[in-house]
Amino acid sequence: MITIDPTTLGSHFESREAEEKWDRRWSEAGVYRWDPAAAGQPFVVDTPPPTVSGSLHVGHVFSYTHTDVIARHRRMLGQPVFYPMGWDDNGLPTERRVQNYFHVRCETHVPPEPGLQLPMADDATRKQPPRKVSRANFIELCLALTREDEQAFKSLWQRLALSVDWSLEYSTIDERARRIAQLSFLDLWKKGHVYNLEAPTMWDVDFRTAVAQAEVEDRPVRGAFHDIRFGVEGTQRSFVISTTRPELLPACVGVAAHPEDERYKDLFGKRAVTPLFRVPVRIFPTTLADPEKGTGILMVCTFGDATDVQWWREEQLPLRQVIGPDGRLAGVRFGTEAFPSLDPQAAQDFYGHLADCSVKEAQKRIVELLRDPAGSAAGDGQAPLQGEPRPLEHPVKFFEKGDRPLEFITTRQWFVRLMDKKERLIEAGERIQWHPEFMRARYRNWTENLQIDWCISRQRYFGVPFPVWYPVDQDGRVRHDRPILAEQKDLPVDPTSQLPPGFTESQRDQKGGFTGENDVFDTWFTSSLTPQIASGWWLRPEAHQKLFPMDLRPQSHEIIRTWAFYTIAKALLHEDQIPWKHVGISGWVLDPDRKKMSKSKGNVLTPMHLLDSYGSDAVRYWSAGAKLGVDTAFDEKVLKVGKRLVLKLFNASKLVLSMSGPDLPPSRPLDLGFLTRLRELVERASRQMDGFEFATALDEIERFFWGSFTDSYAELVKGRARAEDDPEGRGSAVNALQIGLKALLRLFAPFLPYITEECWSWGYAAHEGQPSIHRAPWPTVAELSGFAGGGADFAAAVAALQAVHRAKTQAGASVGRQVAFLRLAASPA
RNA sequence: GGGCGGUUAGCUCAGCGGUAGAGCAUCGGUCUUACACACCGGUGGCCACAGGUUCGAAUCCUGUACCGCCCACCA
């Protein structure tokens with residue numbers, strides 16, 4: 001039994017004060033430190049590195065609390081917990097911020113300036129053209145700026161009491177991450193899983209980079225069907241195609257219709273003639289054409305969409321790329337082999353109106369050109385454009401961070417071969433446990449529908465460079481087919497400033513010399529290695545062995561196709577493993593109108609003021625109340641309830657720990673009954689926590705604490721716990737109360753780390769020999785198994801208490817009023 | 001067009017084969033030596049709709065309707 005001086009118990013609870021105090025003590029005592037030498041099965045978390053250039057919002061607090069609750073529970077089970085924190089600073093969002101903040105642009109060929117530091121750009125600086133800096137310097141600026149953002153996140157995480165080991169911090173652009181990412185590339189190359197290829201690729205014309213299928217989204221866009229009349233070579237015939245992209249007419253390389261379409265059957269094998277440019281193109285059948293859509297016959301361009309790419313490949317059509325990497329129509333020459341024309345001069349004249357226009361402008365202009373009968377390919381003196389464009393809304397592919405539609409542009413890119421591994425990827429997903437289970441379908445669905453290999457090269461700067469150079473032959477041709485890879489021991493390398501083995505700087509970009517790869521990896525190429533970055537992988541094989549595969553990947557559902565998918569792919573390709581045993585998917589925080597919170601909608605809630613007004617424990621209480629996978633509408637009322645619970649725990653602890661008596665074991669039926677109920681709670685809550693069902697566990701624990709403990713059991717025994725004339729009963733009650741509180745504090749500890757630590761410190765810390773409740777053992781059925789029976793007595797006593805309360809309430813009397821006469825009778829069953 | 005969730009008290013949600021639940025809100029009562037930031041008692045629901053299985057369905061099956069998410073070849 002714990003006996004303490006009641007005057008040492010606090011009279012009120014100040015959450016902010018307690019938070020600061022315990023943060024400091026936990027850090028000093030290393031309560032959350034990962035001990036690689038510790039015995040026991042480790043619990044390893046693949047913590048999501050937040051995008052640090054984004055803003056803080058309640059969604060972060062929500063999902064990170066879920067992970068922390070799980071980690072704390074495992075720590076109390078005695079597992080050594082590996083819980084790192086990373087920062088995702090690598091990538092486009094940071095680039096954009098740094099460009100604006102310092103008013104700089106990265107240029108690959110600018111020489112590095114060692115030690116370059118810049119202040120935030122002032123107005124005068126901004127009037128000048130942006131300063132050009134080397135990639136090395138640009139990365140330094142990115143690091144400098146993201147360091148500030150990381151601090152903001154770190155203080156939020158600490159305030160939230162995330163039990164991460166801060167010595168395990170990393171960022172996705174730091175040296176270790178760059179080295180691991182480049183190692184990954186070398187390993188994939190050795191195993192034959194990567195290749196580079198010049199091919200049409202989805203391209204963002206603003207960022208001027210290739211993008212991968214996973215980063216593409218459909219957006220509804222208003223467009224219009226343009227009915228355009230084509231000629232048929234050597235005949236007077238004509239037909240009309242409907243297109244939403246008339247500006248691609250100069251890029252037309254074929255015409256296609258369904259093989260069974262009676263309207264066009266006789267045209268197959270003939271050549272169509274495009275209006276304006278009078279280029280003859282093959283007419284071929286394809287089952288991919290839908291007779292119901294438009295006029296049933298369509299033009300194939302290089303490239304309007306993914307199907308165009310497919311037809312171009314299958315039918316071996318010529319390449320007529322007119323849209324350049326900047327999204328403008330390039331200068332092309334008609335009458336050449338690439339752009340044949342029956343009337344090159346007229347074609348060139350028409351094209352002159354379009355060259356150098358943006359896609360949008362070109363579309364406007366070509367519509368006007370198509371109204372000119374002189375452009376007819378049918379030789380009937382009618383304008384090619386039939387009628388007026390017919391508006392429609394249709395889905396168009398965008399880069400998820402982009403503003404203009406994607407184009408398919410032929411460029412050289414690096415790919416990871418995945419299309420031949422779909423079966424294995426799906427099977428890997430089956431071996432992982434998804435929480436909730438139905439999220440597995442998202443993964444399977446995406447993997448089954450994968451259309452192209454993973455494009456991993458980006459024409460950007462703030463990223464991990466490819467550890468690759470290419471020989472330049474005597475004719476000045478870059479031999480992309482014979483890349484020179486960096487040596488593993490030299491990683492990380494930047495091929496734009498470092499040399500390949502056996503070359504000198506004077507040979508850079510020279511005939512007979514070499515050239516460095518300018519591209520950087522897709523950020524997901526690095527992010528998909530978070531388990532390896534955290535464990536150290538080849539740099540620390542022993543640690544990796546112990547930590548990998550990890551136990552838990554927490555993440556949100558919209559990045560299953562990227563982060564989860566690519567991480568699974570990497571683990572499979574590198575080590576033929578699954579990266580983790582469990583994936584826990586947190587839902588979204590919706591605003592009270594059930595809309596997703598987003599910056600653009602301006603409905604984002606920042607977490608700091610919530611922490612200020614309700615305290616960290618209350619915010620965690622709200623977060624932990626949501627089950628995995630379930631979206632939750634933000635509701636401030638729940639925070640109030642959390643705050644109330646914290647206060648109640650404070651007061652209940654004060655009550656229990658202020659009592660004393662003879663140290664006798666619980667023996668009275670009521671006390672035993674309470675402990676029996678408690679044991680049942682521990683059994684259920686433990687099972688739920690083991691299955692990551694922390695919200696259900698919290699609900700049960702809270703219900704028990706409030707309903708069975710404070711409002712009934714404590715009320716029933718507090719008289720006896722102070723009785724002078726019943727030492728045995730008093731000892732039994734005080735001990736049962738203390739045993740109960742000790743278990744309840746520990747059950748609440750993963751959810752409410754501050755208040756439980758505070759109350760634990762009053763007596764249990766010394767008595768149990770465990771200074772922190774967060775290192776104390778999770779309550780077990782075994783520790784309560786010595787107390788049996790009394791369940792019926794407990795139920796009867798609670799029912800009697802309620803009956804007395806009811807009688808008093810009906811009489812309008814105070815609950816404290818003495819009862820003169822009470823007769824208890826067994827109720828008829 | 002395909003896949004996956006959801007639809008339960010005014011609100012936020014739990015329950016997922018055996019007499020409809022919690023918290024908040026609402027109405028009424030109580031200062032009771034842990035807590036009035038508390039406690040006690042009450043009001044409130046054809047569990048979206050329609051069929052089916054079952055002795056019994058909010059719970060299982062089949063459809064339908066909304067809401068949301070993910071995905072799909074943009075003519």
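Residue numbers start from 1 in every chain, and the chains themselves are labelled A, B, ... in the order their sequence lines are given, proteins ahead of strands.
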Going 5' to 3' through nucleotides 23-28 of chain B and flagging B where a protein heavy-atom sits under 4.0 Å of the base, S where only the sugar-phosphate is that close, and - otherwise, we get SB---B
Using a strict cut-off of less than 4.0 Å between a Lys/Arg side-chain nitrogen and an Asp/Glu carboxylate oxygen, indicate whether [X] and [Y] qualify as a salt bridge.
X	Y	value
A/Asp671	A/Arg720	yes
A/Glu702	A/Lys648	no
A/Lys397	A/Asp305	no
A/Glu683	A/Arg687	yes
A/Glu700	A/Arg703	no
A/Lys360	A/Glu247	no

Closer to the 5' end of RNA chain B via nearest nucleotide, is it A/Ala714 or A/Met439? A/Met439
Which sits closer to the 5' end of RNA chain B, A/Asp711 or A/Val638, going by the nucleotide each is nearest to? A/Val638
Could you tell me whether [X] contacts a base, only the sugar-phosphate backbone, or nothing, with contacts defined as non-hydrogen atoms closer than 4.0 Å?
X	answer
A/Arg561	sugar-phosphate
A/Phe634	nothing
A/Ala652	base
A/Arg440	nothing
A/Thr632	sugar-phosphate
A/Ala811	nothing
A/Asp308	nothing
A/Phe225	sugar-phosphate
A/Trp622	nothing
A/Gly294	nothing
A/Lys654	sugar-phosphate

Residues in side chain to side chain donor-acceptor pair (under 3.5 Å) contact with A/Arg219, at least two apart in sequence or another chain: A/Glu217
Counting heavy atoms not belonging to A/Lys422, are there more than 12 under 6.0 Å from its NZ? yes
Measure the distance from [atom1] on [X] to [atom2] on [N] and round it to the nearest whole Å.
X	N	atom1	atom2	result
A/His258	B/C73	NE2	P	18 Å
A/Trp434	B/C4	CH2	P	16 Å
A/Leu647	B/C35	CG	C1'	6 Å
A/Phe709	B/A34	CZ	P	13 Å
A/Trp706	B/C35	CH2	P	14 Å
A/Asp290	B/A72	CG	P	19 Å
A/Ile585	B/C70	CD1	P	13 Å

Rounding to an integer number of angstrom, what distance separates [N] and [M] when you compare their [atom1] atoms?
N	M	atom1	result
B/A72	B/G56	C1'	44 Å
B/G45	B/C49	P	15 Å
B/U8	B/A20	C1'	9 Å
B/C4	B/U43	C1'	39 Å
B/C47	B/C60	C1'	16 Å
B/C13	B/G68	P	15 Å

Below 3.5 Å is the cut-off: list the nitrogen or oxygen pairs between protein and nucleotides 15-22 of chain B, distance only.
{"residue": "B/G15", "atom": "OP2", "partner": "A/Lys627", "partner atom": "NZ", "Å": "3.2"}

Using the ring-ring contact (aromatic ring centres under 6.0 Å, His included) criterion, which residues pair with [X]? Sequence neighbours excluded.
X	answer
A/His557	A/Trp588
A/Phe705	A/Phe748
A/Phe239	A/Phe230
A/His66	A/Phe62, A/Phe694

Assess whether one donor atom and one acceptor atom, taken from the side chain of A/Glu715 and the base of B/C35, lie less than 3.5 Å apart. yes
If you restrict it to nitrogen or oxygen atoms, what contacts under 3.5 Å exist between nucleotides 1-3 of chain B and the protein, and what is each distance?
{"residue": "B/G2", "atom": "N2", "partner": "A/Asn445", "partner atom": "OD1", "Å": "3.4"}

Contact list for RNA chain B against residues 395-405 of chain A - heavy-atom distance below 4.0 Å: A/Pro395, A/Val396, A/Lys397
List in numerical order all residues of residues 213-220 of chain A for which some heavy atom is under 4.0 Å away from an atom belonging to RNA chain B. A/Gln213, A/Asp218
Just say parallel, tilted or perpendicular for the rings of A/His435 and A/Phe692, cut-offs at 30° and 60°. perpendicular
Parallel, tilted or perpendicular, as decided by the 30° and 60° cut-offs, for the rings of A/Tyr566 and A/Trp454: parallel
Checking side-chain polar atoms at under 3.5 Å, does A/Trp762 have a donor or acceptor matched by the opposite partner on A/Ser653? no
Any luck finding a side-chain donor-acceptor pair between A/Thr410 and A/Gln321 under 3.5 Å? yes
Under 3.5 Å donor-acceptor, A/Trp434 side chain and A/Gly429 backbone: yes
Side-chain (A/Gln451) to main-chain (A/Asn449) donor-acceptor, under 3.5 angstrom: yes
Would you list the pairs meeting salt bridge (charged side-chain N to carboxylate O under 4.0 Å, His left out) in which at least one residue belongs to residues 612-621 of chain A, sequence neighbours left out? A/Asp68-A/Arg620, A/Arg159-A/Asp612
Closest to side chain of A/Ala633, choosing from B/C74, B/C13, B/A34: B/C13
Per A/His805 side chain, nearest of listed nucleotides B/C39, B/C35, B/C40: B/C40
For RNA chain B, report each stem as range with range, ordered by first number, or say none. Use Watson-Crick or G-U wobble pairs under 3.5 Å, at least 3 in a row. B:1-7 with B:65-71, B:10-13 with B:21-24, B:26-30 with B:38-42, B:48-52 with B:60-64
One pair to check against side chain to side chain contact (heavy atoms under 4.5 Å, CB included): A/Thr756 and A/Phe751. What are the steps and the verdict? CA-CA 9 Å; A/Thr756 52; A/Phe751 304 96; over 6 Å; no
If you measure from OH on A/Tyr754 to CD on A/Glu19, what distance do you get to the nearest 0.5 Å? 5.0 Å
